[in-house]
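What follows is one structure encoded as structure tokens, with my remarks underneath.
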Amino acid sequence: MTKIKASMAGTVWKIVVSEGEEIKAGQDVVILESMKMEIPISAESDGVVKRIIVQEGMFVNEEDDLLEIE
């Protein structure tokens, strides 16, 4: 399992994938909001979303786990 982590602190504005979904490297999976800016977080490799760890509206710190892919 690979975990996708937050690249910076912010609020989870939108989760754009769902559990069980096949994703490709470079695909946006979560959008964070920080200082009124939207920051897309992308998958680094192809895989299937196994578990979404965060929820929309949740605050995350840099390096917090967002989701797991396999």
Side-chain angles (χ1 to χ4, degrees):
M1 296 257 185
T2 301
K3 292 184 178 174
I4 296 177
K5 298 181 177 285
S7 59
M8 64 185 313
T11 302
V12 177
W13 182 71
K14 188 167 187 174
I15 300 169
V16 294
V17 295
S18 55
E19 290 182 0
E21 183 176 338
E22 231 177 272
I23 59 173
K24 300 286 182 191
Q27 179 179 342
D28 292 345
V29 293
V30 173
I31 299 174
L32 297 180
E33 180 184 32
S34 181
M35 300 187 307
K36 304 215 186 248
M37 294 177 53
E38 295 173 11
I39 298 95
I41 306 298
S42 303
E44 294 179 7
S45 60
D46 296 352
V48 175
V49 178
K50 286 298 176 188
R51 181 168 74 109
I52 297 173
I53 299 167
V54 295
Q55 297 175 356
E56 291 180 0
M58 222 175 135
F59 182 82
V60 294
N61 289 302
E62 185 175 353
E63 293 298 311
D64 280 356
D65 295 337
L66 302 175
L67 48 93
E68 292 178 349
I69 61 171
E70 181 175 66

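On a predicted model such as this, the values are computed, not experimentally measured, just so you know.
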Closest non-hydrogen atom pair, A43 against I23:
CB-CD1, 3.7 Å

same_hphob_cluster(I31, M35) at 4.5 Å side-chain heavy-atom cutoff
no

Look up atom CD1 in I69 and atom CD1 in I52, then write down how far apart they are to the nearest 0.5 Å.
12.0 Å

Are L32 and V12 close enough that some pair of their side-chain heavy atoms sits under 4.5 Å apart?
yes

For the student: nearest non-hydrogen atoms of D65 and K5, plus distance
OD1-NZ, 2.6 Å

For the hydrophobic clusters of this structure (ILVMFWY residues joined by side-chain heavy atoms under 4.5 Å, transitively), does one cluster hold both M58 and L66?
yes

Could you state whether L67 and F59 fall into the same hydrophobic cluster, counting links through intermediate Ile, Leu, Val, Met, Phe, Trp or Tyr residues with side-chain heavy atoms under 4.5 angstrom apart?
no

Linked, directly or transitively: I53 and W13 (ILVMFWY side chains, under 4.5 Å):
no

Between S34 and A9, which heavy-atom pair has the shortest distance, and what is it?
OG-O, 3.3 Å

Can you name the closest pair of heavy atoms from K50 and E70 and give their distance?
CE-OE1, 2.7 Å

Consider only side-chain heavy atoms of I, L, V, M, F, W and Y, link residues closer than 4.5 Å, and tell whether M1 and V29 are in one cluster.
no

Positive for side-chain contact (heavy atoms from CB on, under 4.5 Å) with V17, one of V49, I4, V48, D28
V49

Salt bridge E68-R51, side-chain N to carboxylate O under 4.0 Å
yes

So, for I39 and S7, which heavy atoms are closest and what is the spacing to 0.1 Å?
CG2-OG, 4.4 Å

